[in-house]
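I have placed the structure first, in the form of structure tokens, so that the comments after it can refer back to it.
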Amino acid sequence: NAGVTQTPKFQVLKTGQSMTLQCAQDMNHNSMYWYRQDPGMGLRLIYYSASEGTTDKGEVPNGYNVSRLNKREFSLRLESAAPSQTSVYFCASSRTGGDNEKLFFGSGTQLSVL
Amino acid sequence: TQLLEQSPQFLSIQEGENLTVYCNSSSVFSSLQWYRQEPGEGPVLLVTVVTGGEVKKLKRLTFQFGDARKDSSLHITAAQPGDTGLYLCAGAGGGGFKTIFGAGTRLFVKA
């Protein structure tokens, strides 16, 4: 069972470059999320998509854009990368967005911006 | 702003020892979850506690939700090297979609 698949696994960018992180889930989940994880700060929500066709800002959306391409896929784009965006990025999905819902995470993308 | 503080930040113990890690907040949550994350992987859900005072057991792991639903603890009995990882608590209560995560407790169990 694939679950949540993220690509790429690692990426190095120069300041100002752009890139898109891809995420796909095969569990027929309605809701999808992008988090970043920094040392000592836990996981912080960047954007989420409650259902296909909708996206909303999370705690730290500045510098990012997202696209819910279809029910399976949710991409995260950095238009002009900055060193402050060096982090590990996780995509997650859940059946719905309810408070007790289990989040299923991908294995992460380690991004370095030089 | 809701915050979850976890303690200790780092714990290194010998196999067979018991330990407790804590997750505290000044905010009330409708539920708290505990996840475990291994290096190079995403977090994996261990348990969800919903009712104040609730205790759940998962083999050697015991999870408790505080009576006021502001805190939680995870107790591991007779820790094993396989328990090594980052333990994250996560709180819900923002109307869905905005689960808040603590910074985690990094546990290392030495054989």
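In this text the structure is predicted, and so the values were computed from the model without any measurement. Just the heavy atoms: all of them, side chains too, but no hydrogens, waters or symmetry mates, feed the values below. First the proteins, then the strands, lettered A, B, ... as listed; each starts at 1.
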Could you check whether A:Asn100 and B:Ser31, counting side-chain N and O atoms only, form a donor-acceptor pair closer than 3.5 Å?
yes

Between B:Leu58 and B:Trp34, is there shared hydrophobic-cluster membership here, with clusters defined by ILVMFWY side-chain heavy atoms closer than 4.5 Å?
yes

CD/B:Glu5: more than 12 non-hydrogen atoms of other groups inside 6.0 Å:
no

Side chain / backbone / both / neither for B:Gln33 at chain A, heavy atoms under 4.5 Å
side chain

According to a hydrophobic-cluster definition based on side-chain heavy atoms being under 4.5 Å apart (Ile, Leu, Val, Met, Phe, Trp, Tyr only), do A:Tyr48 and B:Phe101 belong together?
yes

Atom CD of residue position B:Gln9 - does it have more than 12 heavy atoms of other residues, nucleotides or ligands inside 6.0 Å?
no

For atom CZ of B:Arg106, is the number of surrounding heavy atoms from other residues, nucleotides or ligands below 6.0 Å larger than 12?
no

Hphob cluster co-occupancy, B:Tyr22 + B:Leu86, side-chain heavy atoms under 4.5 angstrom
no

Here the side-chain hydrogen bond (donor to acceptor under 3.5 Å, both in side chains) pairs for residues 74-86 of chain A, sequence neighbours left out, are A:Ser18-A:Arg77, A:Thr20-A:Arg77, A:Arg77-A:Glu79

Neighbourhood of chain B inside residues 34-44 of chain A, taking heavy atoms under 4.5 Å as contact
A:Tyr35, A:Gln37, A:Gly40, A:Met41, A:Gly42, A:Leu43

I need the A:Ser107 OG to B:Gln37 CD distance, nearest 0.5 Å.
10.5 Å

Around atom NZ of A:Lys57, are there more than 12 heavy atoms of other residues, nucleotides or ligands at under 6.0 Å?
no

For the NZ atom on B:Lys57, are there more than 12 heavy atoms of other groups (residues, nucleotides or ligands in this structure) within a distance under 6.0 Å?
no

Heavy-atom pairs under 4.5 Å with chain A, option from B:Gly40, B:Pro43, B:Ala90 with the top count:
B:Pro43

Could you state the interatomic distance from OG1 (B:Thr99) to CD (A:Glu101), rounded to the nearest 0.5 Å?
9.5 Å

Distance-minimising heavy-atom pair for B:Leu45 and A:Lys102:
CD2-CG, 3.3 Å

Taking side chain as everything from C-beta outward and backbone as N, CA, C, O, which of these in B:Leu32 sits under 4.5 Å from a heavy atom of chain A? Side chain, backbone, both or neither.
neither

